[in-house]
Asker: 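Below is one structure. I have some questions about it.
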Number of protein chains: 2
Amino acid sequence: MTFPPFAVAVDLVVFTIRNDELCVLTIKRGEAPYKGRVALPGGFVLPNEDLEAAAQRELAEETGVGASHDTHLEQLATYGAPKRDPRIRTVSVAYLAFAADLPEPVAGTDAASAKWMPVSEALEIKLAFDHSTILKDGLERARAKLEYSTLATAFCPAEFTIADIRNVYELVWGIAIDPRNFHRKVLASVGFVEPTGELVSQGRGRPAQAFRAGPAVQLHPPIARGT
Amino acid sequence: MTFPPFAVAVDLVVFTIRNDELCVLTIKRGEAPYKGRVALPGGFVLPNEDLEAAAQRELAEETGVGASHDTHLEQLATYGAPKRDPRIRTVSVAYLAFAADLPEPVAGTDAASAKWMPVSEALEIKLAFDHSTILKDGLERARAKLEYSTLATAFCPAEFTIADIRNVYELVWGIAIDPRNFHRKVLASVGFVEPTGELVSQGRGRPAQAFRAGPAVQLHPPIARGT
DNA sequence: TTGGATAATCATCAGTATGACGATAATTAT
DNA sequence: ATAATTATCGTCATACTGATGATTATCCAA
């Protein structure tokens, strides 16, 4: 029996928070197709490489960060419409990554230029391939995961304050959250955060307790969006 | 530039409820590798076929059911470990389907024999390829989706009773649920079900109201597992 | 025909979570 | 010092949850 040959790629939706904005890692394509167009970083999977390993490799190439660092990586979905890549039949497995504020990305092998772009901006332009769809799906996944998982800590450095976490929720969900109720909920969700005992001053206002990520992965009870 | 060639397949986790048991559609492989082993149905994606279309096609081939019927189909995840198929480097996009009780499946092209197997049984044997992992992931996804989506109605015929839905939850979650609280919650979740006005007698006991699926897709509020 | 047995449906109650919002505490900027 | 700012604690009415009692409408067996 013979098999129709496909190219298999991984694409990355890497979110971080910079300058009080939710940003996504983008590249500007240096070659056809879609030359000069903004795209998500990604590349073909090597003949003997696991899918997740390929995603890790691309992530490291583009950001210079070993993914185990502070970075959460998970499979998002797979896109395989017949004409999505005009060159050859390609199936792309998209991965979603969340990173604490990273240094400016390093242009990798196949990236003419990589940079963090505010998500609001990336959503308004037409990305290469079906990357606009992938970005939208990734954003929706991230928003949903904040509700029932401890994902938000992945956007924060090792030590953070409740306000830092609230900031993540507000920027990702794009809504304002009552600080008092949010504070109560975070502390009520067992294993979400644990106090370090330190106080940190954030500029003006009363200094805040420092916390580190707790052992929980799921939030009990969850923190719901809207009503 | 040249691309490493991959085979791309779709595999199906099709759940239904038969004889008061959660069952999954399985085939017995007729050819090597894993000849004679139980596997999930699936097959290679055609050169010009969309991934979801391939899943629909496989579903129709194995069950004889047009997927739009009463069947919900969604992408589960993609599996691409380098050695998962000993013949050639293969990436498999798994799809999850939920069906109301279907007629006995029809053996399809590449299936020596297709049949419904209780999930409890399928979990205990070693399936071909990495299909045991796929099945486990599919089951967990199904369990999770019951909490916040109206998925349960996909397991029911067009008209059903609250007890029918409860039965779905009990069988998929594998736990007993209090009928009184469950009844209350289902009716409280707006758009989950709407009454047809009919009464149906289920054998002994007071006859139940008949319902049909409502317009909602998400449950508000959700119906939580455990505490 | 009647008295279970069975299942659907309604009702109650206490514990918990939620949103709105008032009050206090601890800093920095002026 | 005083004002502005942010963290944190409290209060309250409402909503949701799990446990459980009570009622209703059937079928079935004596």
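Each chain gets a letter, A, B and so on, in the order its sequence line appears, and its residues count up from 1. Values below: every heavy atom of this structure, side chains too, minus hydrogens, waters and symmetry copies.
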Asker: Base, sugar-phosphate, or nothing for A/Gln202, non-hydrogen atoms under 4.0 angstrom?
Answerer: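 No contact at all - A/Gln202 keeps every heavy atom at 4.0 Å or more from the nucleic acid.
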
Asker: Going through the distances and angles, do B/Arg143 and B/Glu170 end up as a salt bridge (Lys or Arg N to Asp or Glu O under 4.0 Å)?
Answerer: CA-CA 10 Å; B/Arg143 286 177 167 164; B/Glu170 291 186 324; over 6 Å; no

Asker: Does the side chain of B/Val91 come within less than 4.5 Å of B/Tyr79's, by heavy atoms?
Answerer: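 B/Tyr79 does not reach B/Val91 side chain to side chain.
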
Asker: Given atom CG of B/Leu199 and atom C1' of C/dA7, what is their separation to the nearest angstrom?
Answerer: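 My rounded result for the distance is 13 Å.
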
Asker: Rounded to whole angstrom units, what separation is found between the CD1 atom of B/Ile223 and the P atom of D/dA15?
Answerer: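 Rounded to whole Å, this separation is 19 Å.
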
Asker: Measure from the side-chain heavy atoms of A/Lys185 and tell me the nearest of D/dG18, C/dG19, D/dC9.
Answerer: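 Between D/dG18, C/dG19, D/dC9, the one nearest the side chain of A/Lys185 would be C/dG19.
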
Asker: Let me know the distance between CD1 of A/Ile177 and C1' of C/dC21, rounded to the nearest Å.
Answerer: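 My rounded result for the distance is 17 Å.
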
Asker: Once you round it to whole Å, what is the distance between P of D/dT11 and CG of A/Asp178?
Answerer: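 The distance from CG of A/Asp178 to P of D/dT11 comes to 17 Å, rounded to the nearest Å.
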
Asker: Write down the distance between CZ (B/Phe160) and P (C/dA7), rounded to a whole number of angstrom.
Answerer: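 From B/Phe160 CZ to C/dA7 P: 20 Å.
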
Asker: If I take atom CG in residue A/Leu187 and atom C1' in nucleotide D/dC9, what distance separates them, rounded to the nearest angstrom?
Answerer: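 The answer, rounded to whole Å, is 11 Å.
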
Asker: Could you work out which one of D/dT26, D/dT24, D/dT8 sits closest to the side chain of A/His183?
Answerer: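 Comparing D/dT26, D/dT24, D/dT8 against the side chain of A/His183, the answer is D/dT8.
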
Asker: Taking atom C1' of C/dA11 as reference, at what distance in whole Å does atom CZ of B/Arg184 sit?
Answerer: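 My rounded result for the distance is 10 Å.
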
Asker: Reckon B/Ala188 touches a base, only the sugar-phosphate, or nothing at all at heavy-atom distances under 4.0 Å?
Answerer: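 It contacts nothing in the nucleic acid.
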
Asker: Ignoring hydrogens and geometry beyond distance, is the side chain of A/Arg180 in donor-acceptor contact with the base of D/dG10 at under 3.5 Å?
Answerer: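 Counting by modelled atom types and ignoring angles, no donor-acceptor contact under 3.5 Å is found here.
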
Asker: Could you give the CZ-to-P distance, from A/Phe182 to D/dC9, as a whole number of Å?
Answerer: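 So the CZ-P distance, A/Phe182 to D/dC9, works out to 15 Å.
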
Asker: Side chain of B/Arg204: nearest nucleotide among D/dT8, C/dT6, C/dA8?
Answerer: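 The nucleotide sitting nearest to the side chain is C/dT6.
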
Asker: Considering all heavy atoms of both residues, which atom of A/Asp11 and which atom of A/Gly42 are nearest to each other, and what is their separation?
Answerer: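 Smallest heavy-atom distance, with atoms named: OD1-CA, 3.7 Å.
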
Asker: Let me spell it out: for each of A/Pro179 and A/Gly205, pick the nucleotide of DNA chain D with the closest heavy atom. Which residue's pick is nearer the 5' end?
Answerer: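 The residue closer to the strand's 5' end, by nearest nucleotide, is A/Gly205.
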
Asker: Which atom names give the shortest non-hydrogen contact between B/Thr150 and B/Phe192, and what distance separates them?
Answerer: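 What the structure gives for the nearest pair is CG2-CD1, 3.6 Å.
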
Asker: Hey, which sits more toward the 5' end of DNA chain C by its nearest nucleotide, A/Pro221 or B/Asp164?
Answerer: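 Its nearest nucleotide lies further toward 5', so the answer is B/Asp164.
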
Asker: For B/Gln218 and B/His220, does a side-chain donor sit closer than 3.5 Å to a side-chain acceptor?
Answerer: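 Result is no, nothing qualifies.
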
Asker: Ignoring the backbone of B/Ala163, work out which of C/dA8, C/dA26, C/dT28 is nearest its side chain.
Answerer: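 Of all the options, the side chain of B/Ala163 is nearest to C/dA8.
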
Asker: Please check the phosphate of C/dA7 (OP1 and OP2 only) for any side-chain N or O of B/Arg166 closer than 4.0 Å.
Answerer: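 Answer is no, no contact under 4.0 Å.
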
Asker: Closest-nucleotide mapping onto DNA chain C: is A/Asn181 or A/Ser201 further toward the 5' terminus? I mean the 5' end.
Answerer: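 Nearest nucleotide further toward 5': that of A/Asn181.
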
